[in-house]
Amino acid sequence: MAHRVRSPRKRSDRHKAVDCAVSGLLLAVDLLLVVAILVLGSEGVFTEDWMGYPGMTDPAGETFQHSAVWFLITAEAVTVGLAVACRLWITAGTQLVALTAGSVFIGSLSTYWNP
């Protein structure tokens, strides 16, 4: 008796619904992460005109931008890897776009050490 092998591209409706729900949840978490990095960095790290000018408050903030971008890239690698392993294609694509855009945005901001 031969069993049919199901293609990894074909998923049940329930699996697609779970994929959409997880994608939406992780997108909200991604946005909160980027906003948290902006809020923490606005206190003396980032020097963008639209953030105001509080003055440099923490000389140890030199690595903040690099650490924040590295954190977002690591989070992207982990979440995309888990999404692919679970065949959550929409979630994997959303994470690639959202976290890459977030890390590029954070990396492009001017700081006292990287004007």
Side-chain angles (χ1 to χ4, degrees):
M1 186 178 269
H3 293 284
R4 289 177 37 187
V5 177
R6 187 175 189 143
S7 171
R9 292 174 294 162
K10 297 188 186 230
R11 302 177 300 161
S12 67
D13 290 336
R14 183 166 162 75
H15 195 146
K16 290 177 191 174
V18 168
D19 191 3
C20 289
V22 171
S23 177
L25 176 67
L26 286 178
L27 183 61
V29 170
D30 296 343
L31 291 175
L32 287 175
L33 282 175
V34 172
V35 167
I37 290 169
L38 285 174
V39 168
L40 292 173
S42 68
E43 293 296 323
V45 176
F46 299 125
T47 59
E48 295 293 327
D49 293 337
W50 51 269
M51 287 186 162
Y53 183 74
M56 185 170 65
T57 58
D58 186 10
E62 183 175 2
T63 61
F64 179 79
Q65 184 179 32
H66 177 266
S67 298
V69 170
W70 186 252
F71 173 74
L72 290 174
I73 291 170
T74 304
E76 176 184 3
V78 169
T79 55
V80 169
L82 288 172
V84 168
C86 297
R87 296 184 331 149
L88 301 174
W89 312 129
I90 297 171
T91 300
T94 303
Q95 290 300 98
L96 279 172
V97 170
L99 288 174
T100 300
S103 61
V104 166
F105 175 68
I106 295 296
S108 71
L109 294 175
S110 295
T111 66
Y112 290 99
W113 304 274
N114 182 23

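Starting from 1, each residue takes its place in the sequence as its number. Owing to the predicted nature of the structure, the values given are computational and were not obtained by experimental measurement. Because only heavy atoms are used, hydrogens play no part in the values below, and waters and symmetry mates are left out as well, while side chains stay in.
- Interatomic distance, I90 CD1 to Q95 CD, rounded to the nearest 0.5 Å: 12.5 Å.
- Residues G102 and V34 approach most closely at CA-CG2, 4.0 Å, considering heavy atoms.
- Residues L38 and I106 are in side-chain contact: their nearest non-hydrogen atoms beyond the backbone lie under 4.5 Å apart.
- Counting heavy-atom neighbours within 6.0 Å of H66 NE2, excluding the residue itself, gives a total of 12 or less.
- No side-chain donor-acceptor contact under 3.5 Å links E76 and S103.
- If you take CH2 on W70 and CD on Q65, they are separated by 15.0 Å, rounding to the nearest 0.5 Å.
- In the hydrophobic clustering of this structure, V22 does not group with L82; members are Ile, Leu, Val, Met, Phe, Trp, Tyr whose side-chain heavy atoms approach within less than 4.5 Å, directly or through other members.
- The structure places SG of C20 at 13.0 Å from CG of L25, a figure rounded to the nearest 0.5 Å.
- Hydrophobic clustering keeps V104 apart from V97 (ILVMFWY residues linked when any side-chain heavy atoms are closer than 4.5 Å, directly or through intermediates).
- L99 has its side chain out of reach of I73: every pair of non-hydrogen atoms, C-beta onward, lies at least 4.5 Å apart.
- Annotation: the span from W89 atom CH2 to D19 atom CG amounts to 9.5 Å, rounded to 0.5 Å.
- We find the CZ-OG1 distance between F105 and T100 to be 15.0 Å, quoted to the nearest 0.5 Å.
- Across all their heavy atoms, A68 and I37 have their closest contact at CB-CG2, 3.7 Å.
- Note on L72 and L27: separate hydrophobic clusters, where clusters join Ile, Leu, Val, Met, Phe, Trp and Tyr whose side-chain heavy atoms are under 4.5 Å apart, directly or indirectly.
- Of the residues listed (L88, T94, V18), the one engaging S23 in a side-chain contact (heavy atoms from CB on, under 4.5 Å) is T94, and it is the only one.
- Nearest heavy-atom pair, T91 versus A83, reported as atom, atom and distance to 0.1 Å: CG2-CB, 4.0 Å.
- Residues R87 and H15 share a closest heavy-atom pair of O-NE2, 3.4 Å.
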